[in-house]
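What follows is a single structure, written as structure tokens, with notes after it.
Within every chain, numbering begins at 1; the chains are lettered A, B, ... in the order of the sequence lines, protein sequences first and strands thereafter. Keep in mind it's a predicted model, so treat the numbers as computed, not measured.
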There are 2 protein chains.
Amino acid sequence: MNTEDKILDAALKVFGSEGFTGATTRRIAEEANVAEVTIFRKFQSKENLLKEVLIRNRAEISELDVLFRIDNDTDIETDLCDLGRRISRDLRSKKQDGKHRMFMFMLFEEGRRRPEVAEILTSVFQMYISRLSEYFQLQIQNGKLRNINPRSAALAFLSYFVHTSLLKGVVDDSFMGDIDEEVERFTDIFTHGILKTMDNKVG
Amino acid sequence: MNTEDKILDAALKVFGSEGFTGATTRRIAEEANVAEVTIFRKFQSKENLLKEVLIRNRAEISELDVLFRIDNDTDIETDLCDLGRRISRDLRSKKQDGKHRMFMFMLFEEGRRRPEVAEILTSVFQMYISRLSEYFQLQIQNGKLRNINPRSAALAFLSYFVHTSLLKGVVDDSFMGDIDEEVERFTDIFTHGILKTMDNKVG
DNA sequence: TCCTTATGTAAGTGCATACTTACACCTATA
DNA sequence: TATAGGTGTAAGTATGCACTTACATAAGGA
């Protein structure tokens, strides 16, 4: 791995966990196993390093819309359950030091202070919502879904996964059990609702 | 309003928007309309000021469980819709400079770095989840709800409101329309699910 | 062998910030 | 009127951090 990449990865990690203000270039250098001065030679300033981190990870996360590709042949509940699992895994995986999760933390935290960051969160978010909305819209036309607002459904669906991931960064792990089971329970509620339906009440 | 309270309010506001590290005592003093040195006379250190802010707002937010009191006489969908509206309003209201929202931001942001803060977020969150779970459990026993996991339902319900509030702090307001309408749409999905039910398909 | 390029080591600069100290002022109350 | 408590002004200290400069070293290519 080349020096630039080592630094960028370390920066994401430190920015993500300490916040931009809380992160020190010394800390990033340590994490990257390079001399502090190397950071400035490559990236000029901490500010600029952030910019590069944003550019790189934005690109990376945009490719991630593959995650949202849904087979709309099979059963809807199964589709959503699979999708949910993929999102959960991606946001919680420890691979690459949980880069996507770290990036999400950064977007939420720094987004409140920096319009450039907010813009990234907005666009990534809109992209995911659009993908999901289209799917729901299609399934409404196919007569498989009720006439709900597809955007609202997409927002409700995504909210669960984003929120639980954010939460996992703070509260201890014990508050949720097995990921797959939780996803199944959520999908069940999301697709069927919590109310007893007529046929349930009758049967 | 006495000096201590002015400082505590200002501190919450500045910590909430800039983060603990990003917040400066000068900024807090300005916001509170006091001299910077007054802060140190009253609270000794920035660290200790944070501690006091946490204590005070934790107490305040715990009283807020009134918000979660649910009339379980009327229709469930109406109950949840009302509850959702109350939560939404509370988390988005500009009253008192949106103290609850600011506090929530703080909990999520600083909670990743400070165990004392994480502990507060955990306990507040658990309290809300418990309240909601109990309600769902009761309604399952009443035969009004399907046999879902009440904790999962509570988590799904809360996730929507917390996530959208966090999001509102970052992305521009246009991504969501009228609060009340959005809450209604969400509650509809949450109670009835997105799938067409048997009777819908038949009838 | 020399030159270039990438990196490290070491020392230092300037600035922002948490926190301190000393003193003045004002207001209420004895 | 005198005293005490709460607050402001002003100046200063110490520290940590972003960033710089100067110099050494090691590797690869001409």
Side-chain angles (χ1 to χ4, degrees), chain A residues 1-57 102-103 105-106 109-117, chain B residues 1-57 102-103 105-106 109-117:
Chain A
M1 201 183 227
N2 71 35
T3 310
E4 273 94 342
D5 287 344
K6 279 198 296 182
I7 294 173
L8 286 168
D9 279 359
L12 172 60
K13 198 168 170 181
V14 179
F15 286 156
S17 66
E18 316 287 332
F20 179 77
T21 322
T24 69
T25 48
R26 186 179 313 176
R27 190 69 238 301
I28 296 171
E30 256 172 44
E31 190 69 39
N33 263 306
V34 299
E36 197 180 352
V37 74
T38 304
I39 293 177
F40 292 99
R41 281 200 273 246
K42 300 266 177 210
F43 298 96
Q44 293 79 50
S45 68
K46 188 184 168 189
E47 199 73 33
N48 193 54
L49 176 57
L50 172 66
K51 213 161 93 183
E52 297 296 330
V53 168
L54 291 173
I55 290 172
R56 207 172 84 139
N57 287 279
M102 278 300 169
F103 193 54
F105 283 154
M106 257 192 66
E109 179 166 336
E110 235 48 62
R112 286 181 16 243
R113 287 155 211 157
R114 299 168 177 272
E116 337 88 79
V117 182
Chain B
M1 200 184 227
N2 71 35
T3 310
E4 272 94 343
D5 287 344
K6 280 197 297 182
I7 293 173
L8 285 168
D9 280 358
L12 172 61
K13 199 169 170 180
V14 179
F15 286 154
S17 65
E18 316 286 332
F20 179 76
T21 323
T24 69
T25 49
R26 185 181 312 178
R27 191 69 237 301
I28 296 171
E30 257 173 43
E31 190 70 38
N33 263 306
V34 299
E36 197 180 351
V37 75
T38 304
I39 293 178
F40 292 99
R41 280 200 276 246
K42 299 265 177 208
F43 297 97
Q44 293 78 51
S45 68
K46 189 184 168 187
E47 199 73 33
N48 193 54
L49 176 58
L50 172 66
K51 211 161 95 184
E52 297 296 329
V53 168
L54 291 174
I55 291 172
R56 207 172 83 139
N57 286 279
M102 278 299 168
F103 193 54
F105 283 154
M106 258 192 64
E109 180 166 335
E110 236 49 62
R112 291 191 1 252
R113 286 155 211 155
R114 299 168 176 271
E116 338 87 81
V117 181

Any salt bridge linking B:Arg27 with B:Glu31? Criterion: basic side-chain nitrogen under 4.0 Å from a carboxylate oxygen.
yes
What are the two closest heavy atoms between B:Glu36 and B:Arg26, and how far apart are they?
OE2-N, 3.6 Å
Working to the nearest 0.5 Å, report the span between CD1 of A:Ile39 and NZ of A:Lys46.
10.5 Å
Tightest non-hydrogen contact, residues A:Ile7 and A:Ala32, listed as CA-CB, 3.9 Å
Nearest heavy-atom approach of A:Lys13 to A:Met102 is O-SD, 4.1 Å
Nucleotide D:dG16, atom P - distance to CZ of A:Arg26 in whole Å:
8 Å
Provide the full list of ring-ring contact (aromatic ring centres under 6.0 Å, His included) pairs with a residue in residues 1-29 of chain A, sequence neighbours left out, each pair given once.
A:Phe15-A:Phe20
Looking only at non-hydrogen atoms, find the nearest pair between A:Ala23 and A:Val14 and report the distance.
CB-CG1, 3.6 Å
Check this one for me: any side-chain N or O of B:Lys42 less than 4.0 Å away from OP1 or OP2 of D:dG6?
no
Taking five pairs at each end of the helix from C:dT1-D:dA30 to C:dA30-D:dT1, what angle separates the two helix axes (nearest 10°)?
10°
Measure the spacing between OG1 of A:Thr38 and CD of A:Glu4 and express it to the nearest 0.5 Å.
10.0 Å
DNA chain D contacts made by residues 31-41 of chain B, counting heavy atoms under 4.0 Å
B:Asn33, B:Val34, B:Ala35, B:Val37, B:Thr38, B:Arg41
Going from CD on B:Glu30 to OG1 on B:Thr24, what distance comes out if it is rounded to the nearest 0.5 angstrom?
7.5 Å
How long is the straight-line distance from CZ of A:Phe43 back to CD1 of A:Ile28, given to the nearest 0.5 Å?
10.0 Å
Within this structure, what is the CZ-OG1 distance for the pair A:Arg41 and A:Thr3, rounded to the nearest 0.5 Å?
10.5 Å
Can you give me the first and the last nucleotide of DNA chain C (5' to 3') that has an atom within less than 4.0 angstrom of a non-hydrogen atom in chain A?
C:dT7 to C:dT9
Interatomic spacing from CE in A:Met1 to CG in A:Asn33 - rounded to 0.5 Å:
12.0 Å
Of residues 5-25 of chain A, the positions that come close to DNA chain C - non-hydrogen atoms, cut-off under 4.0 Å:
none
Return a table of donor-acceptor pairs under 3.5 angstrom between the side chains of residues 49-57 of chain B and protein atoms on other chains or two or more places apart.
residue, atom, partner, partner atom, Å
B:Arg56, NH1, B:Asp5, OD1, 2.8
B:Arg56, NH2, B:Asp9, OD1, 2.5
B:Asn57, ND2, B:Val53, O, 2.8

Return the value, rounded to whole Å, for the distance between atom CD of B:Glu4 and atom C1' of D:dG6.
10 Å
For atom CD of A:Glu47 and atom P of D:dA18, their distance in whole Å:
11 Å
